[in-house]
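What follows is a short report on a single structure.
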Amino acid sequence: MNVTSPARAQAIAALDAVLPGGGLLTADEDLAPFSRDWSGDHYGHPLAVARPRSVEETAAVMRLCSQRRIPVVPQGGLTGLVGAAVAAPGGGELVISLDRLDAVRLVDPIDFAMIVEAGCILENAKKAAEEKDCLLPITFGAQGSARVGGNIATNAGGMNVLRYGMTRDLVLGLEVVLGDGRVWNGLNVLRKDNRGYDLKQLFIGAEGTLGVVTAAALKLFPKPARVETALIALRSAADAMALYARARRSCGDLVTAFELILRDGLEVAIHARDDLPDPLERAYPTYVLMELATSAPIDLRALLETFLTDAEDLVADGVIAQSRAQSDRFFLYRETMVEAQGRGGRYLRTDISVPISKLAIFLDDALRDLRQLYPEALALAYGHVGDGNVHLNVIPPLGATPEAMTSLFEKAEHTIFDVVDRLHGSISAEHGIGRLKQKAFLSRTEDVALDLAFTLKRALDPLGLLSPGRILPAPANPET
Ligand SMILES: Cc1cc2nc3c(=O)[nH]c(=O)nc-3n(C[C@H](O)[C@H](O)[C@H](O)COP(=O)(O)OP(=O)(O)OC[C@H]3O[C@@H](n4cnc5c(N)ncnc54)[C@H](O)[C@@H]3O)c2cc1C
């Protein structure tokens, strides 16, 4: 829709009528916070921002958009980083922000389940679960901004996936507003339910292209009473992965995190904050943050100490946190590295995965290729290696022009994805496809899979109004 057309004015007036009490934003200064993502790299110009306060209001907005053929983009906390949650740069898309639909409807410590609205900030959902001595295990750096609907739409992972699974594994039921404004109420807390197709799976990881999630029933777990963390130094990524394989056997499913940081990344954190000294006496090429947790009366400290002593052929040095505060400090190195890596500027982000058995090979090959081909850039690798998932980011040299950066990022991404392809991995393990990775995704997806994806999209969104151009290209001739 042309942003200055009379049709726009009519659409705005109609939307205003279904969103009483300031639920529709149209002034430029009001749109600004909804127009740029966490990184600042992705921005667009929405037609307006709808902020429904209930599922009924969300449905009314969607019905109206369907009648008037207004494209929409559902929005959570804007931490997704693939250009999916901001409006397209050309204008014309209505952002549906779920930020006012943020209630925790239920926490049930007997069902070990909660029902939470899509706009609830992940950290708030986690706190609500903790108040009932339960754990919502989705855990990652942006949890203070990301919202539950965004977590579902991106099938978020995080640090505890190796123990509890991805968001997909934690969703028991969903409530979704469909493209025509109907509401599908699939909210239930059943653990077992084999009544026909598992419809909720369609919307998980769909990046808002198949429906607007308004609420979710999520699995909870007992809140761990004991947590032990170790910062471990190793001579190589291969040793880190060998240690992980051993930990899976020796510590069972008590391993809740196994985070890899290479020396370059640790140095970014050390230089960024005066209060973060080198954590060990000497520098090592590779570090791992390993966490064990349980609610059972098990001597976790003894288990961790025995494990590390038995693994002395792999472990070069290490320290076990003596308190929760010290454990938080270990994780602060990781968080600081993530925040400081780009020096406030643009950099190439990737979130690839390969089979766990190939992860050390991936790191060796990709880092070697990047350093050979782009010696002026800094390549940083870190990640949730227990899931075979690594962020391999490329930071341009200081003073690089915007054109030089764009060219570097394109070439470096090819270099990284070539290694991913060779090892039969995935170009996106976490952030999704959005608009940013569409070309790379389409070129790697076989015809049958693409045909199924287009069929699904047409079936659920025949007018092509839901997040057009994300994951799949916008249809040339949507049904009118
Ligand atoms: C510092 C940092 C660390 C991160 N670490 C991790 C990590 O460890 N693991 C991981 O998986 N991700 C990680 N991410 C990525 C990101 O936080 C997740 O993808 C998150 O789940 C996105 O949630 P959001 O609310 O910010 O969604 P947004 O960015 O607002 O939206 C993301 C996508 O979801 C769609 N969407 C949002 N809400 C809805 C809804 N209600 N219904 C339908 N579609 C919707 C949007 O249209 C868009 O396509 C990280 C991001 C940052 C900035």
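Whatever order the structure lists ligands and atoms in, that order sets their numbers, starting from 1.
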Legend entry - G211: numbered ligand 1 atoms lying under 4.0 Å from its heavy atoms: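 Answer for ligand 1: 43 (C).
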
When you measure from [atom] to each heavy atom in [options], which option holds the nearest one?
atom: atom 7 (C) of ligand 1; options: R349, E430, R147, H391; answer: E430
atom: atom 32 (C) of ligand 1; options: L210, T154, N160; answer: T154
atom: atom 31 (O) of ligand 1; options: S145, S467, A85, G141; answer: A85

Does atom [atom1] of [X] have more than 12 heavy-atom neighbours from other groups under 6.0 Å away?
X: F454; atom1: CZ; value: yes
X: R182; atom1: CZ; value: no
X: R248; atom1: CZ; value: no

What I want to know is whether [X] and ligand 1 share at least one N or O pair that is separated by under 3.5 angstrom.
X: Q75; result: no
X: P74; result: yes
X: A146; result: no
X: G80; result: yes

Legend entry - Centroid-centroid under 6.0 Å between F221 and F112 rings: no

Testing the 3.5 Å rule here: is there a donor-acceptor pair between the side chains of [X] and [Y]?
X: E93; Y: H45; answer: no
X: R346; Y: T406; answer: yes
X: Y382; Y: E259; answer: no

Using a 4.0 Å heavy-atom threshold (strictly under), name the region of [X] that reaches ligand 1: side chain, backbone, both or neither.
X: A118; result: side chain
X: L98; result: side chain
X: V213; result: both

Measuring from non-hydrogen atoms of [X] to any atom of ligand 1, is the shortest distance under 4.0 Å?
X: H384; result: yes
X: H431; result: yes
X: G432; result: no

Legend entry - Option from N155, V73, I433, L466 for which side-chain contact (heavy atoms from CB on, under 4.5 Å) with E207 holds: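 One option only clears the test, and that one is I433.
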
Legend entry - Quiz item: cation-pi between R349 and Y347, 6.0 Å / 45°: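 Yes, R349 sits over the ring of Y347.
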
Legend entry - Which residue and heavy atom of the protein sit nearest atom 51 (C) of ligand 1, plus the separation: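 Nearest neighbour among protein heavy atoms for atom 51 (C) of ligand 1, to 0.1 Å: T79 O, 3.4 Å.
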
